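Keep in mind it's a predicted model, so treat the numbers as computed, not measured. Letters go in sequence order (proteins before strands), and every chain restarts at 1.
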Protein chains: 2
Amino acid sequence: MADKQDSKRGPEVKPRNWLVPVILLTLREWNSYGYELMERATAFGFEAMNPGTLYRTLRQMEKEGIVESSWETSKGGPARRMYTITDAGEAYLDFWAKALEQYQRNMDTFFRLYTGRPLRSEENDKKEE
Amino acid sequence: MADKQDSKRGPEVKPRNWLVPVILLTLREWNSYGYELMERATAFGFEAMNPGTLYRTLRQMEKEGIVESSWETSKGGPARRMYTITDAGEAYLDFWAKALEQYQRNMDTFFRLYTGRPLRSEENDKKEE
DNA sequence: CCATCTTATGTGCATTCTACACATAGATAA
DNA sequence: TTATCTATGTGTAGAATGCACATAAGATGG
């Protein structure tokens with residue numbers, strides 16, 4: 001019975017839209033490109049980052065104006081599409097970070113209830129109707 | 001330019017897969033039904049919970065064996081489909097909570113970098129290549 | 001007793017994000 | 001020249017969720 005979890009609805013606790021802010025955060029520190037960003041994303045819970053997902057996301061981000069790109073051929077190996085964060089991108093990152101704080105509070109709420117320390121609101125008296 | 005964020009990819013920091021654990025957490029405290037659970041979900045960042053989404057999720061959860069339901073007609077008003085958490089459901093909730101801890105660590109990582117306190121790993125010397 | 005409001009449950013369709021599989025191609029090394 | 005590594009992509013599918021709409025039982029008011 002415990003298998004059912006894994007088969008259909010395993011706890012994938014990656015928040016929606018993580019990829020974008022993680023990319024932006026990295027690009028704020030140094031310019032980079034898809035292949036490198038893929039490794040970088042590992043630190044944020046994207047264990048087996050798929051190339052396709054990442055590259056498509058980067059293209060989309062450029063369309064939205066939060067990053068810019070240009071080809072780099074100077075280094076050895078195949079050409080790299082180097083990405084830079086834009087002003088709009090930095091603004092977006094700030095916006096996202098604020099929203100994330102709210103999200104963290106929701107997680108706290110969840111844990112407080114989960115660990116058995118209720119919220120001391122009137123809803124609580126309803127227990128076991 | 002700042003509008004572009006809202007138009008396409010506004011920071012929707014509603015986590016993915018929250019709905020299921022929030023329902024399970026509530027059902028662990030008291031048996032409930034869709035209409036009531038909808039209001040309950042508000043406390044976890046589902047501001048305008050849509051009925052359709054919730055009811056469909058509940059049905060799916062029953063199919064997976066993490067909740068059970070039966071009609072209740074005793075109370076006034078239309079019949080309610082009352083839901084109960086199963087043992088598998090409680091196990092799933094525990095599993096989810098563990099995964100959530102990992103997620104919290106990822107968020108910490110993100111915030112540490114965002115607020116400018118780097119992780120003191122060797123990657124950091126790469127800055128501005 | 002008829003309309004309509006509230007409670008309550010549901011379906012259909014679209015979108016967004018992501019996963020998975022596969023394709024392309026330059027550089028390098030055997 | 002074949003294989004391998006680096007690097008970038010496309011095509012397709014699926015899951016989670018949103019939005020709009022449908023259904024129906026009971027309560028309420030005229």
Query raised in the report: Do A:Q102 and A:N106 have side-chain atoms, one donor and one acceptor, less than 3.5 Å apart?
Result: yes

Query raised in the report: Is any side-chain N or O of B:Y33 closer than 4.0 Å to OP1 or OP2 of C:dA8?
Result: yes

Requested in this report: Write down the distance between NZ (A:K75) and C1' (C:dA27), rounded to a whole number of angstrom.
Outcome: 16 Å

Report task. For the pair A:R28 (side chain) and A:L93 (backbone), establish whether a donor and an acceptor sit closer than 3.5 Å, ignoring hydrogens and angles. Result -> no

Query raised in the report: Considering residues, nucleotides and ligands other than B:D87, do more than 12 of their heavy atoms fall under 6.0 Å from its CG?
Result: no

Query - Euclidean distance, atom CG of residue A:L19 to atom C1' of C:dT18 [Å, nearest integer] - result: 9 Å

Which atom pairs link the protein and nucleotides 20-27 of chain D when you take only N or O atoms and keep those under 3.5 Å?
unit_1, atom_1, unit_2, atom_2, d
D:dG26, O3', B:G77, N, 3.4

Query - A:Y55: ring-ring contact (aromatic ring centres under 6.0 Å, His included) partners, not counting sequence neighbours - result: none

Query raised in the report: Starting at CE of B:M38 and ending at P of C:dT7, how long is that distance when rounded to a whole Å?
Result: 10 Å

**Report entry** Short side-chain N/O contact to C:dA8 OP1/OP2 from B:R80, under 4.0 Å
**Finding:** yes

**Report entry** d(OH, B:Y55; P, C:dG12) in whole Å
**Finding:** 17 Å

Requested in this report: Provide, to the nearest angstrom, the distance between the OH atom belonging to A:Y35 and the P atom belonging to D:dC5.
Outcome: 9 Å

Requested in this report: Look at atom CD of A:Q104 and say whether more than 12 heavy atoms of other residues, nucleotides or ligands are closer to it than 6.0 Å.
Outcome: yes

**Report entry** B:E36 CD - C:dT7 C1' separation (whole Å)
**Finding:** 13 Å

Query - Over 12 non-hydrogen atoms of neighbours within 6.0 angstrom of CG in B:D108 - result: yes

Requested in this report: Tell me whether the OP1 or OP2 atom of D:dT8 has a side-chain N or O from A:R59 closer than 4.0 Å.
Outcome: no

Query - Euclidean distance, atom CD of residue A:Q60 to atom P of D:dG9 [Å, nearest integer] - result: 14 Å

Requested in this report: Check side-chain hydrogen bond (donor to acceptor under 3.5 Å, both in side chains) between A:S69 and all other residues, then give those that pass, not counting sequence neighbours.
Outcome: A:E62, A:R81

Query - Distance, rounded to the nearest Å, where B:Y83 contributes OH and C:dG10 contributes C1' - result: 10 Å

